[in-house]
Amino acid sequence: MPFTVPEGVTEIRVKESYSDQGKNVLNLGIYGPEGYKPGGTTGFRGWSGGAKTEFFLNAAEASTGYIPGKIKAGTWNILIYPSTITAEGISWQLDVVLIKGVEKAPFKISPAPEVVNNKPGWYRGDLHMHTYHSDGKRTQQELLQEAKANGLDFIVSTEHNTNSANLSWGLFNTNRLLVINGEEITTTAFGHWNAIGLNPETLIDWRYTPEDNVIATYINQVKAADGLAIINHPFYNDERVNNFGFDVNLFDGIEVWNGHAKWNQLDELAVKWWDSLLRQGIRKIAVAASDSHTPNSSDNPVGSPQTVVQAHALSRKEIMAGLRVGKAYLAQGNNIALTLTAKSGAATAGIGETLAASQGEEVQVLLALKGTPDAFIATLVGDEGVLATEKATGGNLKFSWRVASGSTKYLRVEVRTLQGDMVALTNPIWLL
Ligand SMILES: [Zn+2]
Ligand SMILES: [Zn+2]
């Protein structure tokens with residue numbers, strides 16, 4: 001919906017109204033005079049989807065989800081996208097107010113520091129969450145406090161279709177928590193995916209369908225920033241079907257465990273799907289993330305579940321490097337810790353590494369666990385299914401298994417409660 005901004009305007013205010021807001025969703029965003037062509041992001045000035053029906057922007061400030069900056073004269077466009085509309089249709093109205101005044105000192109971007117420390121270790125992170133910058137119900141500072149209180153070392157900021165939060169993490173007290181920039185690319189009908197490890201000013205466009213055949217261009221933008229493209233909650237609605245409409249081969253990983261502390265059927269389906277890809281030789285990193293939208297007191301806190309990454313340092317570069325090769329396990333919370341090692345002769349490999357097993361020799365697999373429930377089941381899984389299962393008894397938190405070399409291309413572990421809920425899940429150790 002185009003409108004003209006004359007010279008001298010210093011603030012734009014937009015208000016959207018539409019019928020039956022409980023049932024209909026008319027998503028909202030805005031582009032400046034640089035234009036709104038697909039893939040062009042220089043004109044992008046914000047997106048709030050269905051989370052807001054009004055916003056403002058000026059040189060110094062903007063509503064969350066929107067990008068502050070100079071209000072240039074020219075043709076601006078409000079982006080309206082009807083994602084959920086009842087059969088009766090919708091009546092809608094946009095009110096735009098243009099304000100002339102004294103221009104405020106311009107907003108300067110203030111991204112989060114990219115390095116917290118240079119120590120190697122296993123770092124606990126949550127790869128998916130929301131604040132008021134999209135449809136979350138918390139401020140950035142509240143999110144940082146929750147993440148720290150819940151024992152995390154890093155978070156990835158992933159708002160729906162906007163990078164507005166990434167421009168301002170540096171304004172808050174991160175308290176030695178690493179904040180990595182990301183975006184949840186949300187194309188409602190075809191699935192959601194996370195671009196993680198981005199530069200703060202990078203915005204990945206979401207305005208295309210699988211039929212447009214352009215997603216490779218956008219995934220290449222993520223790769224150019226040394227980022228990763230992760231398929232989110234592939235089974236996300238009640239139909240219990242995989243709704244992800246884009247070419248899976250282009251993606252680096254799958255969020256096999258999404259939000260809601262309690263393990264559920266959709267997570268189960270996602271793990272099965274991931275496992276079926278591994279068996280076909282299609283390697284994807286498995287990740288777990290809270291997708292938390294609401295503050296700590298809710299049943300969906302930040303860090304539950306989480307992805308624990310082995311990295312040379314707590315920095316954007318090294319966390320992304322560890323994750324890229326699958327040096328990561330997934331855990332229900334920060335109390336769970338594990339190590340998984342495979343040995344053959346003098347060779348040893350950990351999660352995400354490759355073991356060169358000597359011909360004819362057995363591979364010894366060692367699992368050590370901390371923080372598990374009193375009773376649980378640990379399962380060793382290979383490319384033809386379950387290789388070993390052990391029910392934990394008492395304090396037995398160390399397991400040792402032997403596998404014939406050449407019998408499987410990978411080894412991974414699942415730890416579940418006796419009811420079958422996931423407690424921890426590893427990425428594979430690969431066998432040569
Ligand atoms: Zn999503
Ligand atoms: Zn999300």
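Residues take their numbers from the sequence shown, with the count starting at 1. Whatever order the structure lists ligands and atoms in, that order sets their numbers, starting from 1. The figures here come from the full heavy-atom set of this structure, side chains too, leaving out hydrogens, waters and symmetry mates.
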Quiz prompt | Shortest-distance N, O or S atom of His128 relative to the Zn ion (ligand 2) | solution = NE2

Quiz item: If the Zn ion (ligand 2) is the vertex, what is the angle to OD1 of Asp291 and NE2 of His130, rounded to 10 degrees?
Solution: 90°

Quiz item: With the Zn ion (ligand 1) at the center, what angle do OE2 from Glu184 and NE2 from His233 span, rounded to 10 degrees?
Solution: 110°

Exercise. Please find the N/O/S atom of His192 nearest to the Zn ion (ligand 1) and write down its name.
Key: ND1

Self-check item: Mutual orientation of the aromatic rings belonging to Trp430 and Tyr410 [parallel < 30°, tilted 30-60°, perpendicular > 60°]
Solution: perpendicular

Exercise. For the pair Tyr208 and Tyr218, name the ring-plane relationship: parallel under 30°, tilted 30 to 60°, perpendicular over 60°.
Key: parallel

Exercise. Determine whether the side chains of Thr158 and Glu184 contain a donor N or O and an acceptor N or O closer than 3.5 Å.
Key: no

Quiz item: Is Glu353 salt-bridged to Lys327, cutoff N-O under 4.0 Å?
Solution: yes

